[in-house]
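Treat the numbers as computed from the prediction; the structure is a model and nothing was measured. Whatever order the structure lists ligands and atoms in, that order sets their numbers, starting from 1.
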Amino acid sequence: MMLGLLLARAGVPVTVLEKHGDFLRDFRGDTVHPSTLQILDEIGLLAKFEQLPQHKVQHLSGIVGGREQQVIDFRGLKPFDYLALAPQWDFLELLASEGRRYSHFDLRMRHAATGLIGENGRTLGIRAEAVGRTYELRADLVVACDGRHSTLREAAGMQAREFGAPMDALWFRMPRKDSDPEDTFGIVDCGHIMVLLNRDDYWQTAYVVPKGGDTLLRSKPIGVFQDSVARLAPFLADRKSALESWERVSTLQVQVDRLGCWHRPGLLLIGDAAHAMSPIGGVGINLAIQDAVAAANALAGPLLAGGPVDETVLAQVQGRREWPTRVVQAVQLAIQNRVISRVLEQSGGSPRVPFWLRALLHFRTIRHIPARLFGYGLRREHVRPPLTKI
Ligand SMILES: Cc1cc2nc3c(=O)[nH]c(=O)nc-3n(C[C@H](O)[C@H](O)[C@H](O)COP(=O)(O)OP(=O)(O)OC[C@H]3O[C@@H](n4cnc5c(N)ncnc54)[C@H](O)[C@@H]3O)c2cc1C
């Protein structure tokens, strides 16, 4: 959606296909990091974004073995010293409505891309399906931004390298009361990790389980899970029955992967379709947006010129975005393997933050390091002004 908007803004006729009829799915991430806020500011959408319902988070702490430890601190960072938790459907609707201002932005809801059309190894367009009819759409360039289970990636016969993950996450809501803690925070205790995102009237909660562990958990009565949640966060004990059945709990299968090559002649993949991120740091949305900005900057000129886009331009997009993606994935994998799997395997005793780390995290400048890495990312993208006046 962001790439479509940026290209339309630059004067490029663009068609965006979305297979669902709306963006209203509970099962999506909500973190809008400073890097994305900056992009919204650059395209003049920040004021409208700020009118959306949202919760601003300036620091994140962990309760490790019952002891609170601040870990990430945005305070003092410029130009944005917070991350916003905003419903992804509102955010997408904002981008969509901005795109609709341009007559050459064609957003087709309930249209699913089903395959690629091509000749001599070059992608020339897509096959699509919409309310019982199928059709072909030809284009100078196809950009696959169809998520971690990308249909177009499969159609192109491209396979991502899997890096594995020791965990999955159970994703659910718990009601929130005014007397609850204000912060967004994680709880780490022997064998368990739970993250609570403050969404004002509810807690968006992620309960981390060993990979595939949800099957065993779901074979037990929901009461067992309710008790476990209440043990980790005692202030939720009085409303644990809000989790009335397993239907209220979704499983996020954590996946970390990356394509070796993000393009083919006439086809570019970005976002989760090119690299699914671990949920650590909540960066998937922000990296996808950065990819979109880099792609729009590189592609607007060649697309405006008309005709097929040279593959070297597509390689430039990967060249800009692969390195930041690799570094963030490497940090995520280190945290997954060295911290999360050890906590999940622990069957006795209380986890502790080592003294030296606690001493370091005492300093805000140290807590700024993860805030910069996850909040702003590496190699920040900036929106180039449109080449033509629309
Ligand atoms: C439960 C959950 C929680 C998450 N939490 C966070 C978080 O807090 N913060 C964060 O940054 N990231 C989070 N993520 C990851 C984040 O959602 C993704 O990294 C990010 O949305 C990737 O953006 P994308 O545009 O590449 O793909 P997506 O957001 O997956 O968008 C792909 C879109 O393409 C559509 N589509 C798919 N196939 C087709 C098709 N064939 N034809 C037409 N349309 C199609 C889909 O309906 C979807 O709207 C979470 C993911 C999940 C599943």
Side-chain angles (χ1 to χ4, degrees), residues 1-5 15-36 55 57 60 83-89 91-93 95-96 107-116 126-130 134 137 142-156 160 165 168-173 184 186 195-197 199 204-208 249-259 262 268-293 295 321 325 328-329 332 374-375 377:
M1 194 69 75
M2 178 61 90
L3 175 59
L5 167 60
T15 305
V16 179
L17 270 70
E18 167 53 58
K19 70 176 176 185
H20 289 101
D22 57 40
F23 306 119
L24 282 173
R25 284 183 299 294
D26 200 20
F27 200 60
R28 305 194 89 135
D30 283 354
T31 52
V32 177
H33 281 282
S35 61
T36 300
H55 187 85
V57 176
L60 293 150
L83 75 83
L85 293 175
Q88 204 184 114
W89 52 84
F91 177 54
L92 288 169
E93 191 48 54
L95 300 183
L107 171 59
R108 302 183 184 179
M109 301 299 289
R110 268 203 199 97
H111 285 237
T114 53
L116 294 167
I126 55 154
R127 262 185 218 94
E129 202 172 80
T134 55
L137 187 65
V142 172
V143 185
C145 339
D146 49 347
R148 57 181 57 197
H149 305 295
S150 171
T151 303
L152 295 183
R153 183 177 65 199
E154 202 184 322
D168 288 325
L170 301 183
W171 194 246
F172 54 93
R173 288 179 179 201
T184 280
V195 179
L196 293 116
L197 307 178
R199 303 307 316 279
Q204 181 64 59
T205 312
Y207 181 103
V208 182
V249 183
S250 320
T251 302
L252 163 61
Q253 266 149 13
V254 176
Q255 175 183 336
V256 187
D257 63 32
R258 194 174 61 242
L259 280 174
W262 300 12
L268 173 69
L269 292 93
I270 58 169
D272 273 18
H275 50 75
M277 308 300 292
S278 164
I280 294 166
V283 289
I285 298 165
N286 302 281
L287 278 171
I289 299 269
Q290 294 283 301
D291 286 0
V293 175
R321 298 306 312 153
T325 309
V328 174
Q329 283 184 329
Q332 291 180 321
F374 292 124

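Taking any N or O of G282, backbone or side chain, at least one lies under 3.5 Å from an N or O belonging to ligand 1. Residue G284 has at least one nitrogen or oxygen atom sitting less than 3.5 Å from a nitrogen or oxygen atom of ligand 1, judged on distance alone. Checked by distance only, ligand 1 and I285 come closer than 3.5 Å through their nitrogen or oxygen atoms. Considering backbone and side-chain atoms alike, W171 places every N or O at 3.5 Å or more from each N or O of ligand 1. Considering both main-chain and side-chain atoms, D272 comes within under 3.5 Å of ligand 1 through a nitrogen or oxygen pair.
At least one heavy atom of H111 lies less than 4.0 angstrom from ligand 1. For the pair P279 and ligand 1, no heavy-atom separation below 4.0 Å is found. At a 4.0 Å cut-off, at least one heavy atom of E18 sits close enough to ligand 1 to count as contact.
For ligand 1 and D30, the ligand atoms under 4.0 Å from any heavy atom of the residue are 7 (C), 8 (O). Below 4.0 Å from some heavy atom of H20 lie the following atoms of ligand 1, by number and element: 47 (O). Each of the atoms 26 (O) of ligand 1 lies under 4.0 Å from some heavy atom of G271. Listed by number with element, the atoms of ligand 1 under 4.0 angstrom from any heavy atom of T151 are 41 (N). Every atom of ligand 1 with a heavy atom of L252 under 4.0 Å away is listed here by number and element: 2 (C), 52 (C), 53 (C).
Neither the backbone nor the side chain of L152 comes within 4.0 Å of ligand 1, counting heavy atoms alone. Residue-level proximity to ligand 1 for C145 is carried by the backbone, the only part with a heavy atom below 4.0 angstrom. The backbone of V283, and not its side chain, has at least one atom closer than 4.0 Å to an atom of ligand 1 (non-hydrogen atoms only; backbone = N, CA, C, O).
The shortest side-chain heavy-atom distance between L269 and L152 does not fall under the 4.5 Å cut-off. Considering only heavy atoms from C-beta on, I270 stays 4.5 Å or farther from R321 through its side chain. Side-chain contact between V254 and P279 is present, with at least one heavy-atom pair separated by less than 4.5 Å. When side chains are defined from C-beta on, K19 does not count as touching R110, because their heavy atoms never get closer than 4.5 Å. Residues F91 and T36 form a side-chain contact, since some pair of their non-hydrogen atoms from C-beta on lies under 4.5 Å apart. No side-chain heavy atom of Q290 sits less than 4.5 Å from a side-chain heavy atom of T325. Proximity of F374 to T31: side-chain heavy atoms (C-beta onward) are nowhere separated by under 4.5 Å.
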Check your understanding: Run the side chain to side chain contact (heavy atoms under 4.5 Å, CB included) check on H275 and D291 step by step: do they pass?
Key -> CA-CA 11 Å; H275 50 75; D291 286 0; 2.6 Å; yes
**Study point:** Stepwise side chain to side chain contact (heavy atoms under 4.5 Å, CB included) test for T114 and T134
**Key:** CA-CA 9 Å; T114 53; T134 55; 5.9 Å; no
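A donor-acceptor distance shorter than 3.5 angstrom exists from the side chain of D257 to the backbone of A276, with no hydrogens or angles considered.
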